[in-house]
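Because only heavy atoms are used, hydrogens play no part in the values below, and waters and symmetry mates are left out as well, while side chains stay in.
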Amino acid sequence: MSFPLLTLTAAVPAAGAILTAAVPAARRTAAKWLALLFSLATLGLAAVVAVRFEPGGARYQLTESHAWIADFGVRYELGVDGIGVALIALTALLIPFIIVAGWHDADPQGTQTKRWRPTQGFFALILMVEAMVILSFEATDVFLFYILFEAMLIPMYFLIGGFGDRAHTGTDDNAAAQRSYAAVKFLLYNLVGGLIMLAAVIGLYVVAGNFSLTEIAAARASGELEMATNTERLLFLGFFFAFAVKAPLWPLHTWLPNAMGEATAPVAVLITAVVDKVGTFAMLRFCLQLFPEASKWATPAIIVLALISIVYGALLAVGQRDIKRLVAYASISHFGFIIMGIFAMTSQGQSGATLYMVNHGISTAALMLVAGFLISRRGSRLIADYGGVQKVAPVLAGTFLIGGLATLSLPGLAPFVSEFLVLVGTFARYPVAGIVATTGIVLAALYTLVLYQRTMTGPVKEEVRAMPDLKARELVVVAPLIALLILLGVYPKPLTEIVDPAVRHTMSDVQQKDPAPEVEAAK
């Protein structure tokens, strides 16, 4: 039996969560350092997974398989392809920055006693989410994936509802009510999606007789397992609906602005840069691999929904007055690009979509965390409460600008490469959709530059005149993310080498080839 590296990669943050939660109430600083230590250990293990993965080798590597619920054919099966490796690396990379950025977000305030334990709980919940997300990227048993897909909602619910943003314009009671509303909405939307997926999982077991992704896919490819057309389409819709809620895709997106607006900035990053990637990842791993014909059947409708997400999300971002809700609507637009790239059914589109998941995670983390540092100084999320920040805090303004430029996919920064590949892949098969999607780029430039202009330029408002610049801890968070945005913008090869073989396997699953370029014959 090989060394269980994948299990260990998820077990370390899970153990860290338990130990962090057990730290005595008065030892808050020790709990923070313990959580950071375990997150760094997980990052080291993720690096080992990436190094040991062979892009030219088997589709699923570092596999583990053990009997779990034998009577129902449920197994503890793990394995990673290039897409899973990239997203595990993204998750493990972002969690230490999330922990450092949220270093003081759960500290007790006012008359709270020594028995108050928000700090331990806050960081323990973050580590628990990390463990579940990493394991979901590794799971090749459909039932195991479903359990993780649903279980991660519990710690996220408490992170949103119990540790909300302290920069609220209303009363304390109103702030608590808004946090509770956002947390419940997040939970209900995702639970409904999960329940529909559960019905589809049971249906898949009835048809296939087991839950193993690799066995079912192999049986489908060899012709040993055939599904009736209507059965396959219904099962596909059950899976896709749950993933579209998680992603989120219009019109199932409305929980995201509430959740990101009411959560702390680090938790908002955890939502959109980490947890939501499980939805788009699952579309590639499960929808296309298990239901190839149904995926092709649904593609036109999904492309239309993705285009609506791109344009609608960007338009609403333009009109936002709240900084965090603006980033949330921008993320809805970006997820539209990701889903469009997946279902364009071209190698460029799917490679671009996978890179987009990684690059969006880094760029959104950079922008949202700097926005969180800005909001914590002024105590307000409203754009109108800022002005002239670049004159009093130039480093903060500069990093905010780079994060914003990455969000609008400026050439030379990482998101440009992924967005370009998505558009190229979409143009090749759906040229009209590609043309419509480019409006999202124009709108992204509008909402990003207007946000920067209104907050950072112009006369210095009296309330921001004494605003301090980024401190050492904050620079430790922001500087590496910006360096990664630049590095992957000019040299994306390390990612593409890992991702491209997995994309070729996915294209083979749906029996699609890239359209041949149309070249006008020479006269």
What are the two closest heavy atoms between [X] and [Y], and how far apart are they?
X: M283; Y: F343; answer: SD-CE1, 4.0 Å
X: F335; Y: H360; answer: CE1-CE1, 3.9 Å
X: T20; Y: G16; answer: OG1-O, 2.7 Å

Do any side-chain atoms of residues 299-312 form donor-acceptor pairs under 3.5 angstrom with protein atoms, and if so which ones, sequence neighbours left out?
{"from": "T299", "atom 1": "OG1", "to": "S295", "atom 2": "O", "distance (Å)": "2.7"}
{"from": "S309", "atom 1": "OG", "to": "W250", "atom 2": "N", "distance (Å)": "2.8"}
{"from": "S309", "atom 1": "OG", "to": "L305", "atom 2": "O", "distance (Å)": "3.3"}

Let me confirm one number: the CG-CG distance from N359 to L90, rounded to the nearest 0.5 Å. 9.0 Å

Got a second to check how far L5's CG is from T63's OG1, nearest 0.5 Å?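 With rounding to 0.5 Å, CG (L5) is 11.5 Å from OG1 (T63).
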
Does atom [atom1] of [X] have more than 12 heavy-atom neighbours, drawn from other residues, nucleotides or ligands, at distances under 6.0 Å?
X: F420; atom1: CZ; answer: no
X: W33; atom1: CH2; answer: no
X: F158; atom1: CZ; answer: no

Pairs where residues 256-303 contributes a residue and the test ring pair (Phe, Tyr, Trp, His ring centres under 6.0 Å) is met, not counting sequence neighbours: F137-F281, F145-F286, F239-F291

Sequence neighbours left out, what passes salt bridge (charged side-chain N to carboxylate O under 4.0 Å, His left out) with E150? Give chain and number order. none

Would you list the pairs meeting side chain to side chain donor-acceptor pair (under 3.5 Å) in which at least one residue belongs to residues 196-213, sequence neighbours left out?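 Found E77-S212, S212-T214.
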
Applying side chain to side chain donor-acceptor pair (under 3.5 Å), which residue pairs with at least one partner in residues 132-141 are found, sequence neighbours left out?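 Found none.
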
Can you pull the salt bridge (charged side-chain N to carboxylate O under 4.0 Å, His left out) pairs that have at least one residue in residues 296-311, sequence neighbours excluded? E293-K296

I want to check a possible cation-pi pair here: K246 against F149, using under 6.0 Å from ring centre and within 45° of the ring axis as the test.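 Yes, a cation-pi geometry holds between K246 and F149.
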
